[in-house]
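Within every chain, numbering begins at 1; the chains are lettered A, B, ... in the order of the sequence lines, protein sequences first and strands thereafter. Atom set for the values below is all heavy atoms of this structure, side chains included, hydrogens, waters and symmetry mates excluded.
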Amino acid sequence: MEYVLLFVSAALVNNLVLNRFWGICPFIGVSKSFDAAYGMSAAVLFVMCVSSVVTWLINGLLLVPYGLGYLQTVVFILVIASLVQFVEMVTEKTSPELYAALGIFLPLITTNCAVFGVSLINIQQGLGFVKMLIFTFGSAIGFGLALVLFAGLRERLLFSDVPKAFKGAPVAFITAGILALAFMGFSGLTK
Amino acid sequence: MKLSSFTDCIIKNNAIFKQMLGLCPTLAVTTTLINGLGMGFATTFVLVCSNTVVSSVKRFIPAKVRIPAYIVIIASFVTVVDLFMNAYTHELHKVLGLFIPLIVVNCIVLGRAESFASKNGVLDSLLDGLGNGLGFTLALCVLASVREVLGSGSLLGFSITGGVVPPVILFVLPPGAFIALGFLMAGYNWLRRRTEV
């Protein structure tokens with residue numbers, strides 16, 4: 001039950017995008033079409049899980065025992081950047097289909113603050129390994145859910161009559177605000 | 001660098017309203033003006049330092065590994081800011097929390113390093129960093145003022161509405177951030193269209 005609550009809290013209540021504001025850039029940038037939104041969500045899910053495990057291990061095995069906690073920022077971002085590069089090379093060699101689907105989104109993930117943010121918050125909350133995995137997975141699912149929902153809304157927005165000054169980004173932000181309002185309804189689910 | 005291109009960075013090519021870069025900290029920390037100012041100045045410091053250093057070492061960095069190299073430079077300055085703020089402005093540091101280390105992944109910083117500092121001289125890059133940083137700070141302050149006045153009826157902690165008008169709590173909550181930014185962006189677009197015609 002504890003694990004289920006942790007998952008729900010990460011995915012819905014403290015939704016990465018709509019509550020913590022992490023990963024807004026891809027949220028606004030790649031939500032113009034459904035397919036792109038699916039591709040981005042899958043890429044983030046994959047990279048986030050791998051990088052969380054790696055950074056969690058590095059922090060526990062290297063940084064903390066040797067008192068190097070202040071290097072966290074530098075080490076984590078390097079790990080994520082090289083990991084993204086590595087994942088890109090591996091998928092290109094092993095499964096060209098997956099690479100074709102995720103390819104263009106992978107480099108973008110390096111500067112996606114959601115991945116870096118989740119790695120940091122895992123450490124800050126002092127989660128154990130299993131809980132850390134569940135939290136990361138839930139967060140990534142929450143990111144994907146928000147992104148896909150928003151992409152659907154934006155495809156509709158294209159056909160609606162919007163005042164000139166609001167065209168494009170402004171109306172997208174207001175829509176995101178209303179979506180965030182809807183997600184606030186989940187806040188009663190966990191403590 | 002001409003003065004006009006410096007001011008262009010601040011208003012005409014504003015990082016947030018025009019280029020839509022660095023939106024995550026923009027939305028997250030602007031619940032009060034003081035948070036917005038703190039975040040703005042921290043980012044400006046990182047931008048100026050990283051632009052200056054990237055531009056002065058650009059000849060020694062091979063093109064293939066330039067992005068990781070820039071990220072390391074940026075991350076070092078972010079660590080400096082993080083430790084400095086923790087020591088001297090502890091309260092602010094606690095409120096901004098994880099968003100200080102997250103300056104590393106702020107697209108503005110890497111974007112300016114890649115698109116400007118890696119191609120231009122040291123002094124120009126310094127000014128470019130300063131201009132973009134100030135533009136970012138300005139946008140943060142506008143958004144933060146709007147949210148603080150509407151959401152808590154005060155500015156910089158001083159009560160403005162005097163409790164006569166009840167505050168709209170929505171504006172300090174996450175949805176209010178999106179909605180306020182949407183309206184401000186629309187206002188910016190409207191003003192630009194009127195001045196350019």
### Query
Out of curiosity, does V74(A) fall in the hydrophobic cluster containing L68(A) (side-chain heavy atoms, cut-off under 4.5 Å, transitive links)?
no

### Task
Please look at Q72(A) and chain B and tell me whether the side chain, the backbone, both or neither of the residue comes under 4.5 angstrom of a heavy atom of that chain.
neither

### Nearest-0.5 Å distance, CG of residue L98(B) to CZ of residue R20(A)
8.5 Å

#### Entry: Region of L173(B) in contact with chain A, defined by heavy-atom distances below 4.5 Å
side chain

### Message
Within a 6.0 Å radius of atom CZ on F7(A), are there more than 12 heavy atoms belonging to other residues, nucleotides or ligands?
### Response
yes

### Message
For a 4.5 angstrom cut-off between non-hydrogen side-chain atoms, does P101(B) reach L120(A)?
### Response
yes

### Engaged part of A180(B) at the chain A interface, taking heavy atoms whose separation is under 4.5 Å
neither

### Query
Should we count CD of Q85(A) as having more than 12 external heavy atoms under 6.0 Å?
no

### Query
Under 4.5 Å between side-chain heavy atoms, hopping through other hydrophobics if needed: is there a path connecting I34(B) to F84(B)?
no

### Query
More than 12 heavy atoms of other residues, nucleotides or ligands under 6.0 Å from CD of Q125(A): is that the case?
yes

#### Entry: Same apolar cluster (I L V M F W Y, side chains within < 4.5 Å links), V75(A)/V54(A)
yes

### Message
If you take the centroid of each ring, where Trp contributes its six-membered ring, are F173(A) and F183(B) closer together than 6.0 Å?
### Response
no

## Note on the structure
The reported gap from CD1 in I71(B) to OG in S82(A) (rounded to nearest 0.5 angstrom) is 9.5 Å

### Task
Mind listing the closest non-hydrogen atom pair of P170(A) and N189(B) along with its distance?
CG-ND2, 3.7 Å

### Message
Which atoms of I74(B) are under 4.5 Å from chain A, going by heavy atoms: the side chain, the backbone, both sets, or neither?
### Response
neither

#### Entry: Contact leader toward chain A among G176(B), C107(B), G187(B), A75(B), where contacts are heavy-atom pairs under 4.5 Å
A75(B)

### Check: F178(B) and I24(A) side chains under 4.5 Å, non-hydrogen atoms
yes

### Summary
Cut-off 4.5 Å, heavy atoms of chain B, and the answer for L71(A) is neither

### Message
Hydrophobic cluster membership, with links at side-chain heavy-atom distances under 4.5 Å among I/L/V/M/F/W/Y: are Y88(B) and V46(B) in one?
### Response
no

#### Entry: Non-hydrogen side-chain atoms of V72(B) and I77(A) separated by less than 4.5 Å
no

### Message
For the CG atom of L18(A) and the CG atom of L27(B), what is their distance to the nearest 0.5 Å?
### Response
10.5 Å

### Message
I need the single residue from I174(A), N19(A), L181(A) that forms a side chain to side chain contact (heavy atoms under 4.5 Å, CB included) with P175(B). Which is it?
### Response
L181(A)

### Task
For K119(B), check salt bridge (charged side-chain N to carboxylate O under 4.0 Å, His left out) against everything at least two apart and list the hits.
none

### Query
Within a strict 4.5 Å, meaning less than it, do heavy atoms of the F21(A) and V29(B) side chains meet?
no

### Task
Could you please spell out the steps behind the side chain to side chain contact (heavy atoms under 4.5 Å, CB included) verdict for L102(B) and W22(A)?
CA-CA 9 Å; L102(B) 281 176; W22(A) 290 345; 3.2 Å; yes

### Query
Does L23(B) reach the side chain of F27(A), with side-chain heavy atoms less than 4.5 Å apart?
no

#### Entry: Which portion of L78(A) sits near chain B, non-hydrogen atoms under 4.5 angstrom
side chain

### Cluster link V64(A) to F76(A), ILVMFWY, side chain under 4.5 Å
no

### Query
V17(A), T73(A), I28(A): which one forms the most heavy-atom pairs within less than 4.5 Å of chain B?
T73(A)

